[in-house]
Protein chains: 4
Amino acid sequence: MGKGEALRDRTAEAIIESAAAVLAERGDAASMEEIANAAGVGRATLYRYFANRTEMLSAMADVGARELADRIREADLQTVPFEEAIARLARGIIATGSKYIALGTDGTRRTDSAEVIEPIRALFGRAIADGSLRRGHSPDLLMSLFSGLIRGAIEATRGHRLGIEEAASAVTDLFLRGVSAEPSPPRAKQERSAR
Amino acid sequence: MGKGEALRDRTAEAIIESAAAVLAERGDAASMEEIANAAGVGRATLYRYFANRTEMLSAMADVGARELADRIREADLQTVPFEEAIARLARGIIATGSKYIALGTDGTRRTDSAEVIEPIRALFGRAIADGSLRRGHSPDLLMSLFSGLIRGAIEATRGHRLGIEEAASAVTDLFLRGVSAEPSPPRAKQERSAR
Amino acid sequence: MGKGEALRDRTAEAIIESAAAVLAERGDAASMEEIANAAGVGRATLYRYFANRTEMLSAMADVGARELADRIREADLQTVPFEEAIARLARGIIATGSKYIALGTDGTRRTDSAEVIEPIRALFGRAIADGSLRRGHSPDLLMSLFSGLIRGAIEATRGHRLGIEEAASAVTDLFLRGVSAEPSPPRAKQERSAR
Amino acid sequence: MGKGEALRDRTAEAIIESAAAVLAERGDAASMEEIANAAGVGRATLYRYFANRTEMLSAMADVGARELADRIREADLQTVPFEEAIARLARGIIATGSKYIALGTDGTRRTDSAEVIEPIRALFGRAIADGSLRRGHSPDLLMSLFSGLIRGAIEATRGHRLGIEEAASAVTDLFLRGVSAEPSPPRAKQERSAR
DNA sequence: AAATAATCGAGACGGTACGTCCTGTCTTTGG
DNA sequence: CCAAAGACAGGACGTACCGTCTCGATTATTT
């Protein structure tokens, strides 16, 4: 029944929450028992909700991905110019960051659901097609680079060295300048100095 | 004396080599026995060289860092223009990538010795001072972003989706355009489109 | 509760039983894994019951000692004449022999609980006091000798060279003649032949 | 050549000596390294003399057996009356005791060479034949019992509770009374008291 | 006396058992 | 009927010892 399922979902969520906290604290060395205790639950119960440590981790990743997917959906990427879409993406992903990084650190990850990936890939595809993106790089490579940039920015916020807004704007700024189709800055300087 | 130590070092190196290979293949699930066997060595011997799995991993990271430091030293960053220095850095780091990524994936990591970090920090500092770098971002933030970009590029090479040269040039291109002090491309478009 | 403890005790007993069997078969070379498997139990479980190999052995010895103590209690040593008491002791101890010897062979041994030793010591003390035992030997020495005699008899039964009854009666016969206070047989012969 | 062999033998002997001492001290837990060091010799050298721990132990036993055989030969068992022979045996064996016990405690043992066993078996055979021994027990059983008695006596000397002479004379006394063919002491008392 | 051979210690190595810890499965007990 | 508790098999970890081996260094032997 609905009520039972709701409870079930809330328990699962609590476990995931605790797992995220404990893993962030103790790293991959955290045992299932520690996580279960942190969630105020028996170890056996934990296994009733997740078959595996791996599955639990992936469920954790899914929660992060879902949250991310929500933000991305809200961002309405397809209705705004490329530049604005990138800005919104950077802000949204970096804001979700803490959990995102937790996963990234582990060996498991890469659950980035289609709901996260596809809109972004579509964005890059469109930008290449309509000429707002300089030609020469595949959408996949661009995504990898953009994702790395974001990862770097999140890391920079980890030591509380700077706020989310600043990090997001730095990413946006750098990336847009870097990939824009506008008259390329005279970086040929590099070649010339080498000749 | 010297000979014995040389042998000892070569054995340690062989173990680290095998460990890198096995870990890349099987991930963190690889057992010490698997690694030892892959190195053609008994499990006990492995423990004679590294007290811990953790210590072995960290020795692996050290080797990676040392290799990287070598490449960076050879790159003579301080004698070439900023643009060329970035290009060399990207190529060098991505080339060392495979091992580097293996560590990055694990929980241990981050041994990046001063010999790796300092030259790069100095490079960014100099570039900001002499005006080849647009003002507004701290050298540390730039380093984080550059490092993320590289990480993304290495990831893109993982599935053999593209070669090291292409990845390096993509990173160089994007980063230099992104941070150059030249007349900014008219990205104000973003703001205008929002009005 | 009672039920759980009962099961726990029965498992422990089964392990001890198997351990006794395997150790008798393969000697001290038997590994903990062999013993665990013989008991139909995982190695880890074995360690849940006994912290050490040593502790397991000593628990084994305790079981033997307890069994022995039971027989000795049933023998009612203090209500029968010395001669009958010795006869009962010999029979009882030799019958318990197999386990007893298994321990004796090992390096651990000598757990002979007070419940085993004290009644026997009391028996010898009483016999010396009431004159049924020839004076001149301390109760402890007599116990050592008696114990050695029994050990020898058990050994004689090991190769199935003779039955428990015969062995026990030989011990009883020899020991009683040997220590009785009755007019000494003319063994002076020895002295005379030496003069 | 003779000299080399002599040295070799003396080294082997020294090792055995040390092994006996260390094993007596630390029990079977003593490692080969401890034994080697105690003998002032490298572990490798120890293995150059004895292929195995087992072989070393058995060599140790052989030394004990040889020493015992010497004493038994000197005892001239066949030229003296049974009683005197027993007395000499008890003294001789108990005197050799310390090593003898060390082996007896271990799991290996039972090397008692024929030179030890045969003269004793012959002694019992002769005594049965010439009537100085009560009929009814096989020579083997008598040997087992006698051996047990001796073992018990040696044990009694272990805690320095009494000297070798006293222990030997107690064994001699008890055994001779116990097995003599003389008019049996009226131990029928046992049956009567049971009525 | 010099060259050659034997023997030594030192210590690395592969292998294996030990005792510990964690995972994933199962059963028992209580709310 | 489901959660908590906890026992269980299995397997990896890190430690210690065994028996094998190779290395130089120190002796003895031989020429």
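A note on names: the letters A, B, ... follow the listed sequences, proteins ahead of strands, and every chain is numbered from 1.
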* OP1, OP2 of F:dC13 versus side-chain N and O of B:Asn52: anything below 4.0 Å? -> no

* **Interatomic distance where CE belongs to A:Met32 and C1' belongs to E:dC26 [whole Å]** => 16 Å

* Asked: Is any side-chain heavy atom of D:Val22 less than 4.5 Å from a side-chain heavy atom of D:Glu25?
  -> no

* Phosphate contact (F:dA4 OP1 or OP2) by A:Thr45 side-chain N/O below 4.0 Å -> yes

* Structure fact -> In terms of heavy-atom contacts, C:Glu115 and C:Ala69 come closest through CB-CB, 3.8 Å

* Asked: Can you check the B:Asn37 CG to E:dT16 C1' distance for me, whole Å?
  -> 14 Å

* Please state whether the phosphate of E:dA12, meaning OP1 or OP2, lies under 4.0 angstrom from any side-chain nitrogen or oxygen of B:Arg48. => no

* Nearest-angstrom distance from the residue atom CD1 of C:Ile35 to P of E:dA17 -> 12 Å

* Is there a donor-acceptor contact under 3.5 Å from the side chain of A:Glu34 to the main chain of A:Ser31? -> yes

* To do: Return the value, rounded to whole Å, for the distance between atom CG of C:Asp28 and atom P of F:dC17.
  => 16 Å

* Any side-chain heavy atom of B:Tyr49 within less than 4.5 Å of one from B:Ile16? -> no

* Structure fact -> The residue, B:Gly42 or C:Tyr47, whose nearest nucleotide of DNA chain E is more 5′ is B:Gly42

* To do: Decide yes or no for C:Asp28 and C:Arg53: does some side-chain heavy atom of the first lie under 4.5 Å from some side-chain heavy atom of the second?
  => yes

* **Between E:dT20 (P) and C:Phe50 (CZ): distance, integer Å** => 14 Å

* **Separation of E:dA17 P from C:Glu34 CD (nearest whole Å)** => 8 Å

* Nearest-Å distance, CE (C:Met56) to P (E:dG19)? -> 9 Å

* Closest-nucleotide ordering on DNA chain F, the 5'-leading residue of D:Glu33 and A:Gly40 -> A:Gly40

* Closest to side chain of C:Arg43, choosing from F:dA9, E:dG19, F:dC13 -> E:dG19

* Position toward the 5' end of DNA chain E (nearest nucleotide), A:Ala44 or A:Arg53 -> A:Arg53

* Measure from CZ on D:Arg10 to C1' on E:dT7 and round the result to the nearest Å. => 15 Å

* Asked: Below 4.0 angstrom from OP1 or OP2 of E:dA12, is there any side-chain N or O of B:Tyr49?
  -> no

